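Single-structure report; data block below.
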Amino acid sequence: MEGRRYRPVHLAREHGISTQAVRNYERDGLIPPAARTAAGHRVYSAVHLRALRAYLALVAAHGHATGAEVMRAAGRGDLDTALRAVDRSHAQLLRDRETLDAVEAAVEALGRGPAAGPSGRRSTAGLPDHQPASRRPGGPPASGLPGGSPASGLPERPLSIGHLAHRLGVSPATLRKWERAGILLPRRDAGTGHRHYTAADVRDAELAHMLRRGGYPLGHIATVIDQVRGAGGHEPLVRSLDDWRRRLTGRGRAMLTAAAALAEYLGACEAPHPDGR
């Protein structure tokens, strides 16, 4: 294979793409420039074959933007930039896994219903323990939670901001902050302007409270709450999370495939050229 020469159609057939796509990839710097015959026809080598395999594998694993960044950097010999782009994508996958773990733990806790420990505080069992309880943001210190077990289940009637704050053991100011972050979307009384929290709002607030005690930032929690709202309830959310985990696993495996293809391409670039160049 190393000494063979290929036409655009050979590269195109392997991946089920058009010859124009191959030429476009070359034009855009995603594969190296082709040699030309005396008649001006493109001639590709095994390096181009591996470059195209690497690029398409990178796109499947990391997306078009990262795949393009990696291949252009590799093409100009800037390996640090290429690998840094891959590293960022791996780091994002890890953050997505951690988000999924947090959502699954919170959904499991919600499915069991609110729980209270011996002191009357809500249990954080099953949540990622990023910070000590006394230092977790988004609520009062460990010693500041009100006594008494929270009401079990979701309320049948809307709650005021004071009642919801008491239920969670946080201040009304905390609930207003969560609202500004897009975590809570309470209705307002047309006459008084007072907030009314429905059962769905209370569910969102309890999930947010658990994630906040786990040390997660508000922007992260807002994304999680959107997942809950979009799923349409507990059971659909569980199914959605199962699908989410399968997709993350698929991304992880695609990254392994892309890493192998990129390593082959880089190795081919570093190998001595058959004609001594």
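The shown structure was predicted, so the numbers you read here are calculated from the model rather than taken from an experiment.
For residues 235-260, the set of pairs meeting the ring pair (Phe, Tyr, Trp, His ring centres under 6.0 Å) definition, not counting sequence neighbours, is empty. For residues 80-104, the ring pair (Phe, Tyr, Trp, His ring centres under 6.0 Å) pairs, not counting sequence neighbours, are H62-H90. Every pair passing salt bridge (Lys or Arg N to Asp or Glu O under 4.0 Å) that includes a residue from residues 61-74 is listed here, sequence neighbours excluded: E69-R88. Among residues at least two apart or in separate chains, side-chain hydrogen bond (donor to acceptor under 3.5 Å, both in side chains) pairs with a member in residues 249-262 are D96-R251.
Considering only heavy atoms from C-beta on, R187 comes within 4.5 Å of P158 through its side chain. You'll find the side chain of L159 stays beyond 4.5 Å of the side chain of H196, heavy atoms only. The shortest side-chain heavy-atom distance between R157 and P155 does not fall under the 4.5 Å cut-off. R212 places none of its side-chain heavy atoms less than 4.5 Å from the side chain of T174. Counting heavy atoms from C-beta on, the side chains of V43 and Y6 never come closer than 4.5 Å. Side-chain contact check for D201 versus T198: some heavy-atom pair is nearer than 4.5 Å. Annotation: side chain of L175 is in contact with side chain of L168 (closest heavy-atom distance under 4.5 Å).
How far CG of L11 is from CZ of R53: 8.5 Å, rounded to the nearest 0.5 Å. The NE2 atom of H10 sits 4.5 Å away from atom CZ of R7, with the distance rounded to the nearest 0.5 Å. Interatomic distance, CG of L184 versus CD1 of I225, reported as 7.5 Å (0.5 Å rounding). Put simply, CZ on R195 and CD1 on I161 are 4.5 Å apart, with the number rounded to the nearest 0.5 Å. Considering CG of L93 and CZ of R95, their distance stands at 10.0 Å, rounded to 0.5 Å.
Here the shortest heavy-atom pairing between Y55 and H64 reads OH-CD2, 3.9 Å. Shortest non-hydrogen contact noted between S89 and M255 is OG-CE, 3.4 Å. Shortest non-hydrogen contact noted between A57 and A261 is CB-CB, 4.1 Å. Minimum interatomic distance between A82 and A73 (heavy atoms only, all atoms of both residues): N-CB, 3.7 Å. Looking at every heavy atom in both residues, I183 comes nearest to D204 through O-CB, 4.3 Å. The minimum heavy-atom distance linking G193 with R188 is given by the pair O-NH1, 2.8 Å.
The neighbour count for R13 CZ, taken as heavy atoms of other residues, nucleotides or ligands under 6.0 Å away, does not exceed 12.
Residues forming a side-chain contact (heavy atoms from CB on, under 4.5 Å) with I17 (at least two apart in sequence, or on another chain): A12, H15, A21, V22, Y25, L52. Judged as a side chain to side chain donor-acceptor pair (under 3.5 Å), and not counting sequence neighbours, the contacts of R245 are D101, E104. By the side chain to side chain donor-acceptor pair (under 3.5 Å) test, T66 pairs with no residue at all, sequence neighbours left out. In this structure P217 satisfies the side-chain contact (heavy atoms from CB on, under 4.5 Å) test together with H220, sequence neighbours excluded. Residues forming a side chain to side chain donor-acceptor pair (under 3.5 Å) with R84 (at least two apart in sequence, or on another chain): none. Taking S160 as the reference, H163 meet the side chain to side chain donor-acceptor pair (under 3.5 Å) condition, with sequence neighbours excluded. Residues passing the side-chain contact (heavy atoms from CB on, under 4.5 Å) test with D242 are V238, R246, sequence neighbours excluded.
For the residue pair D226/T223, the side-chain donor-acceptor check at 3.5 Å is not satisfied.
Residues L79 and L58 share a single hydrophobic cluster, defined by chaining ILVMFWY side chains whose heavy atoms lie under 4.5 Å apart.
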- Would you please test R4 and L49 for side-chain contact (heavy atoms from CB on, under 4.5 Å) and show each step? CA-CA 10 Å; R4 283 191 60 185; L49 200 70; over 6 Å; no
- Task: Tell me, with the steps shown, if L185 and E179 meet side-chain contact (heavy atoms from CB on, under 4.5 Å).
- Result: CA-CA 6 Å; L185 304 172; E179 183 179 341; 5.8 Å; no
Would you be so kind as to tabulate the donor-acceptor pairs closer than 3.5 Å made by side chains of residues 26-38, with sequence neighbours excluded?
{"unit_1": "E26", "atom_1": "OE1", "unit_2": "R42", "atom_2": "NE", "d": "2.9"}
{"unit_1": "E26", "atom_1": "OE1", "unit_2": "Y44", "atom_2": "OH", "d": "2.7"}
{"unit_1": "E26", "atom_1": "OE2", "unit_2": "A34", "atom_2": "N", "d": "2.9"}
{"unit_1": "R27", "atom_1": "NH1", "unit_2": "N24", "atom_2": "OD1", "d": "3.4"}
{"unit_1": "R36", "atom_1": "NH1", "unit_2": "G40", "atom_2": "O", "d": "2.7"}
{"unit_1": "T37", "atom_1": "OG1", "unit_2": "A39", "atom_2": "N", "d": "3.3"}
{"unit_1": "T37", "atom_1": "OG1", "unit_2": "G40", "atom_2": "N", "d": "3.3"}
{"unit_1": "T37", "atom_1": "OG1", "unit_2": "H41", "atom_2": "N", "d": "3.0"}

